[in-house]
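Here the structure comes first, spelled out in structure tokens, and everything after it is commentary.
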Amino acid sequence: MKKQMKNISKQNFPTLRMRRLRSDASMRKLIMETSLSPHNLIQPMFVIEGKNKTEKITSLPGINRYSIDNLLKEVRKIMSLGIIAIALFPKISNKLKTEDGAEAFNETGLIQECIKRIKNKFPNLIVISDVALDPFTSHGQDGVLDKRGYILNDETNAILLKQAISHAKAGSDIIAPSDMMDGRIKVIRNGLEKNKFFNAKLLSYSAKYASNYYGPFRDAVGSANSLGKADKKTYQMDYSNKTEALREVDLDLREGADLVMVKPALPYLDIISSIKESYKIPVFAYHVSGEYLMIKAVAKNKAINEQALVLETLTSIRRAGASSILTYYAKEVAQWLN
Ligand code: PBG
């Protein structure tokens, strides 16, 4: 391999002209190393209680919260564009929120009902369900707190397990713990096996950073107000760290994860790429709400071509090693690609 590289690099101008292969569009397509198709895109969707409801999310222009009936209509549209997977997130009313987020494992809760109805109507759609307590807790944290406000790990895992089982029972294809508690993959995998959900897939948010890019999402699920000025730095990762991400992936794989997620995406391409090189597994990336908003905001400027910018951004995430990308742009990009 090395020898070959040397021989090639011995060629030089004019024997070798790199521009030869860039001479026209078809030639460029022929040698393209990375592609982007609707199959690589996962649409995050927000669900609310009620009937025939569609609410705009001001901090995520173009993205809505839907009641289940309207969400089903939207799902039909995005499937017709070639999208094959969605990720569901609930916004529940404040009166259902508690210290321990017990609504998260209500078998007839909003998300559980939503999963059942979607899988009933669209059995081939891949439903990814979020396992974390933040949309359900009165304090907006992803776990339960002790008296001093510290997020308790093992106690939280016990609740996450119940939440995960309720999703599997409802028919979720991919259960995605996004909470960053230690050992939760092991606890959930064992629970799924015990309950005979042998094919339930676990997508672990292995490398989830305590990021400043999550603001609009927290508005969307209504955890921003509950969280107030608090942060999630005792469980989500410090953005200065990279080797720690590899350790997290290593642990999650040994605990039973099938897929791992890096989040956010664009500022963390190095993390995606390192994981992809170190482990022979599918890596997903979450192009998060702040990343989406950043492009939407800059696209108002006529100097920017939004479509071209988004395609470049998402292709770069694929090039770094992501099999699939969760992005609020999924539907729009699928329209462009069609
Ligand atoms: C937390 C969770 C977050 C997102 C999805 N699930 C972040 C957080 O509040 O810490 C963010 C996704 C986005 O910004 O698009 N369980």
Side-chain angles (χ1 to χ4, degrees), residues 41-47 57-65 86-92 97 101 103-105 111 128-145 151 153 156-157 159-160 163-164 167 174-181 184-185 188 202-239 260-268 284-297 313-314 317 322 324-331:
L41 305 173
I42 298 163
Q43 180 73 55
M45 300 186 85
F46 298 102
V47 55
I57 303 168
T58 36
S59 54
L60 282 175
I63 303 297
N64 302 313
R65 300 184 194 94
I86 62 168
L88 289 175
F89 298 97
K91 180 177 191 251
I92 68 166
K97 296 187 183 183
E103 180 62 17
F105 57 84
I111 278 294
I128 302 175
S129 60
D130 188 61
V131 165
L133 301 183
D134 52 316
F136 307 96
T137 51
S138 45
H139 43 74
Q141 294 286 0
D142 293 30
V144 289
L145 314 177
I151 289 82
N153 194 85
T156 297
N157 280 347
I159 304 173
L160 296 175
Q163 186 183 18
H167 289 186
I174 301 182
I175 293 165
S178 71
D179 54 284
M180 290 297 279
M181 295 303 118
R184 89 275 207 220
I185 297 299
I188 295 172
L202 279 178
L203 163 60
S204 177
Y205 284 69
S206 296
K208 175 169 182 176
Y209 286 86
S211 170
N212 298 292
Y213 286 91
Y214 302 149
F217 173 92
R218 290 180 186 170
D219 272 348
V221 299
S223 70
N225 285 338
S226 324
L227 198 59
K229 284 204 168 66
D231 63 47
K232 302 190 177 181
K233 290 180 181 169
T234 70
Y235 46 109
Q236 298 178 353
M237 281 177 49
D238 183 335
Y239 57 67
V260 298
M261 177 92 84
V262 175
K263 175 181 179 184
L266 196 61
Y268 296 85
F284 285 16
Y286 200 147
H287 183 241
V288 300
S289 57
E291 297 180 75
Y292 172 84
L293 181 61
M294 220 157 61
I295 302 182
K296 282 287 172 199
T313 302
L314 297 180
I317 299 169
S324 222
I325 307 166
L326 274 94
T327 175
Y328 301 95
Y329 266 113
K331 181 184 177 187

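All values below were derived from every heavy atom in this structure, side-chain atoms included, with hydrogens, water molecules and symmetry-related copies excluded. Residue numbers run from 1 in the order of the sequence given. Order of listing sets the numbers, starting from 1, for every ligand and every atom in it.
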What residues come within 4.0 Å of ligand 1, counting heavy atoms only?
-> Ala132, Asp134, Asp142, Ser178, Lys208, Tyr213, Tyr214, Phe217, Arg218, Lys232, Gln236, Lys263, Tyr286, Val288, Ser289, Tyr328

For Tyr328 and Ile63 the tightest heavy-atom approach is O-CD1, 3.5 Å

Please collect all salt bridge (Lys or Arg N to Asp or Glu O under 4.0 Å) contacts where either partner lies in residues 221-234, sequence neighbours excluded, each pair once.
-> Asp134-Lys232, Asp142-Lys232

Check whether any side-chain N or O of Thr156 sits under 3.5 Å from a backbone N or O of Val144 as a donor-acceptor pair, and report yes or no.
-> yes

Looking at the rings of Phe46 and Phe217, which for Trp means the six-membered one, are their centres under 6.0 Å apart?
-> yes

If you take all heavy atoms of Ala176 and Ile128, which pair is closest and at what distance?
-> CB-CG2, 3.8 Å

Main-chain N/O of Pro177 paired to Arg184 side chain as donor or acceptor, under 3.5 Å = yes

